[in-house]
Amino acid sequence: MKAPNTASTTISRSNTSAWAVSPDSRRRRSTDMSNIIYPTTNFTATEQLTIDRGEGVYVYDSNGKQYLEGLAGLWCTSLGYGNQELIETASEQMGKLAYSHMFGGKTHKVGQELAEQLKDMVPVENAKVFFGNSGSDANDTHIKLLHYYFNAIGKPEKRKIIARERSYHGVTVAAASLTGLPVNQTNFDLPVEALGILRTDAPHYLRGALPGETEADFVERITTNLEQLILREGPDTIAAFIAEPITGASGVIVPPDGYYEKVQAILNKYDILFWADEVITGFGRTGQDFGCNTMGIERPALMTLAKQLSSAYMPISASVIRGDLYEAMIEPSNKLGVFGHGYTYSGHPVACAVALKVLEIYKRDNIFARAAELGDYLQRRIGEFADHPLVGEVRGRGMIGAIELVADKATKQSFEGGVVGGFMQRACEKHGLILRAVAGNSLAFCPPLIITEAQIDEMMEKFGKALAETQDFVTREKLVA
């Protein structure tokens, strides 16, 4: 079955991609392409949309067309575009100290102040903070810190890490090994086994439940599987369990009630550290300051922060660890003469200054409370699509959600590949809405936290029009089961 043509390219269906561009089109467009190797992109379909500028919750393409940015860029522009306070803060810091590193005893006040504020915010006991540039490198740092710590306390065998199926934790070599999405692992020959990465069940009831299984039974089964995995591998060999409180790229999965309570009990029983990846859920996204607090995760030993830490205005991340883990590393670093890990831009002063201003705005303008109130409204509005023939599940919490499209509403059978999700994403763009198709055919919502109720209504109106076009496409192409 052939998908419809677009104005700019000839589109054909593919078994491996939501959209693949035909050879003729590739030849026509090859001379027009820039020399960028694009991230997370089909190399036969690059440069489909050129974003030129942004203002508030909107972005504008090179032709001047306006789009409501329904994914906050990549889950990150919490304060929207063109925030003059952040622009002025960056400019002022550049004028004062554009760059200084943190190697060999050197430091600066904005980095110290940011670490202090984060320490006071996070639910990590006596928190210590290492700064990086992205969520991926922050998760890499955590793996190294775990190895360093357990070597320091004389338990070098305690090095395995449990990650979940269909998880996303980044794309650097170590972080991609944690990630459980095939597209991020295929062809890269990642050292999953060498790093001791183990897999346990994804807590997605819709896709993981057995016939007739209740949510409570599902939670009991998959947490029992987790405990059995620990016993098979040996608790003394396992360092940590990593999880996004609510997932992002794997489809905005909200685990059922009781899941984290049981997981934490098991980890505590076997002395395994809970590692919370809050790259997406941190700083108000779920309606509270951190996803851990929304989902009942108590006192994680490690937290990963990025994205909304600076509202994406500057690249910055933070690997946060419990104080006792850091204390154990002090003497080994003294013995070697240096703690041999760090990035050129760790604690970049401009990024730190912007992040400090972002945290100030969050507090001053009650952004988290506002996100909780508008998050309830967003969840009600996306819930209105639950009865649509193509919708298999609506899920989310606070200002993050997803609508999963299915081929059979009664059985929840998925569409093959990501064709329908890809069509829906493009239909949204046609109507001036930027969303992202994740995990095949789920459309993710993650607007800037400054969005208004009227703009949420606008987003839903545009989404509804795109969904109607997608239904016509599915009917025309006979994609329904």
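- Among all heavy-atom pairs drawn from Ala163 and Ile197, the shortest one is CB-CG2, 4.4 Å.
- When atom types are taken as modelled, the side chain of Ser167 and the backbone of Leu178 share a donor-acceptor pair closer than 3.5 angstrom.
- Of the inter-residue distances, the one linking Lys109 atom NZ with Leu97 atom CG reads 13.0 Å to the nearest 0.5 angstrom.
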side-chain contact (heavy atoms from CB on, under 4.5 Å) evaluation trace for Leu86 with Ser311: CA-CA 9 Å; Leu86 301 185; Ser311 187; 4.3 Å; yes
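- Between the CZ atom in Arg370 and the CG atom in Leu449 there is a gap of 8.5 Å [rounded to 0.5 Å].
- Panel note: side chain Ser442, backbone Ala402; no donor-acceptor pair is recorded below 3.5 Å.
- Using a 4.5 Å cut-off on side-chain heavy atoms (C-beta onward), Leu145 and Met329 make contact.
- The backbone N or O of Gly342 lies less than 3.5 Å from no partner atom in the side chain of Ser346, so there is not a single donor-acceptor pair.
- Listed for the Ser317 side chain is a donor-acceptor partner under 3.5 Å among the backbone atoms of Ser134.
- Of the listed residues (Thr223, Asn225, Thr224), just one forms a side-chain hydrogen bond (donor to acceptor under 3.5 Å, both in side chains) with Asp201, and that residue is Asn225.
- Rounding to the nearest 0.5 angstrom, the gap separating the CE atom in Met102 from the NZ atom in Lys106 is 12.5 Å.
- When every heavy atom of Pro448 is checked against every heavy atom of Ala72, the shortest pair comes out as N-CB, 3.8 Å.
- Ring to ring, Tyr343 and Phe131 are not that close: their centroids are 6.0 angstrom or more apart.
- The two residues Gly234 and Thr237 have their closest heavy-atom pair at O-OG1, 2.7 Å.
- The shortest side-chain heavy-atom distance between Arg299 and Arg322 does not fall under the 4.5 Å cut-off.
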Report the C-alpha separation of Tyr148 and Ser333 in whole Å, then their side-chain angles, then the decisive distance to 0.1 Å, and conclude whether the side-chain hydrogen bond (donor to acceptor under 3.5 Å, both in side chains) test is met. CA-CA 10 Å; Tyr148 205 98; Ser333 76; 5.1 Å; no
Run Glu244 and His169 through side-chain contact (heavy atoms from CB on, under 4.5 Å) and show every step you take. CA-CA 8 Å; Glu244 293 178 284; His169 300 294; 4.2 Å; yes
Can you check salt bridge (Lys or Arg N to Asp or Glu O under 4.0 Å) on Arg364 and Glu85, steps first, answer last? CA-CA 13 Å; Arg364 182 195 70 203; Glu85 285 188 88; 2.8 Å; yes
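- The residues Arg221 and Glu213 are annotated as salt-bridged, a charged nitrogen and a carboxylate oxygen being separated by less than 4.0 angstrom.
- Remark: side-chain polar atoms of Tyr313 are paired, donor with acceptor, to backbone N or O of Asn83 under 3.5 angstrom.
- Among the candidates Thr179, Thr141, Asp137, Asp140, the single residue satisfying the side-chain hydrogen bond (donor to acceptor under 3.5 Å, both in side chains) test with Thr172 is Asp140.
- Phe130 and His341 have their aromatic ring centers within a separation under 6.0 angstrom.
- A side-chain N or O of Asn139 and one of Thr304 form a donor-acceptor pair less than 3.5 Å apart.
- Heavy-atom minimum distance, Ser136 versus Gly170: OG-CA, 3.1 Å.
- Within the 4.5 Å cutoff, side-chain heavy atoms of Phe274 are placed close to those of Val263.
- With contacts defined as side-chain heavy-atom distances shorter than 4.5 Å, the pair Leu146/Trp275 qualifies.
- Thr286 places no side-chain N or O within 3.5 Å of a backbone atom of Thr294 that could act as its donor or acceptor partner.
- Remark: the backbone N or O of Thr200 is not paired with any side-chain donor or acceptor of Glu165 at under 3.5 angstrom.
- At least one side-chain heavy atom of Ile400 sits less than 4.5 Å from a side-chain heavy atom of Trp75.
- Between the Arg395 side chain and the Val252 main chain, a donor and an acceptor come within less than 3.5 Å of each other.
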List the steps and the verdict of side-chain hydrogen bond (donor to acceptor under 3.5 Å, both in side chains) for Glu69 and Thr77. CA-CA 9 Å; Glu69 177 46 276; Thr77 54; over 6 Å; no
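- There is a side-chain donor-acceptor pair under 3.5 Å between Glu47 and Ser34.
- In this structure, CZ in Phe241 is found 5.0 Å from CZ in Arg164, a value given to the nearest 0.5 Å.
- Side-chain atoms of His204 and Glu393 form a donor-acceptor pair, as typed in the model, at a separation below 3.5 Å.
- For the residue pair Ser414 / Arg207, a side-chain donor-acceptor distance below 3.5 Å is found, with atom types taken as modelled.
- Looking at heavy atoms from C-beta onward, Val419 lies out of side-chain contact with Phe415 at the 4.5 angstrom threshold.
- The main-chain N or O of Gly296 is found under 3.5 Å from a side-chain atom of Gln264 such that the two form a donor-acceptor pair.
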How far apart are the C-alpha atoms of Ile238 and Arg159, what are their side-chain angles, what is the distance that settles it, and do they pass the side-chain contact (heavy atoms from CB on, under 4.5 Å) test? CA-CA 6 Å; Ile238 301 174; Arg159 57 184 297 277; over 6 Å; no
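- A salt bridge links Lys357 to Glu360: one of the charged nitrogens lies within less than 4.0 Å of a carboxylate oxygen.
- The nearest pair of heavy atoms linking Ala328 to Ile153 is CB-CG2, 3.9 Å.
- Counting heavy atoms from C-beta on, the side chains of Leu273 and Leu302 come closer than 4.5 Å.
- The aromatic rings of Tyr99 and His101 are tilted relative to each other, their planes meeting at an angle between 30° and 60°.
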Walk me through whether Arg285 and Glu278 qualify under salt bridge (Lys or Arg N to Asp or Glu O under 4.0 Å). CA-CA 10 Å; Arg285 178 53 61 185; Glu278 293 257 16; over 6 Å; no
Thr89 vs Val350, side-chain contact (heavy atoms from CB on, under 4.5 Å): CA-CA, chis, key distance, verdict: CA-CA 8 Å; Thr89 295; Val350 181; over 6 Å; no
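- Here Ser177 contributes atom OG and Gln185 contributes atom CD; the two are 6.5 Å apart, rounded to the nearest 0.5 Å.
- How far CD1 of Ile230 is from OH of Tyr270: 7.0 Å, rounded to the nearest 0.5 Å.
- The ring pair (Phe, Tyr, Trp, His ring centres under 6.0 Å) search around Phe150 returns none, not counting sequence neighbours.
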Apply salt bridge (Lys or Arg N to Asp or Glu O under 4.0 Å) to residues Glu220 and Lys262 and explain how you reach the verdict. CA-CA 8 Å; Glu220 182 65 29; Lys262 289 181 179 293; 3.1 Å; yes
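- Side-chain contact check for Ile434 versus Leu68: every heavy-atom pair is 4.5 Å or farther apart.
- Panel note: side chain Lys119, backbone Val124; no donor-acceptor pair is recorded below 3.5 Å.
- Ring centroids of Phe368 and Phe283 are separated by 6.0 Å or more, keeping the two rings apart.
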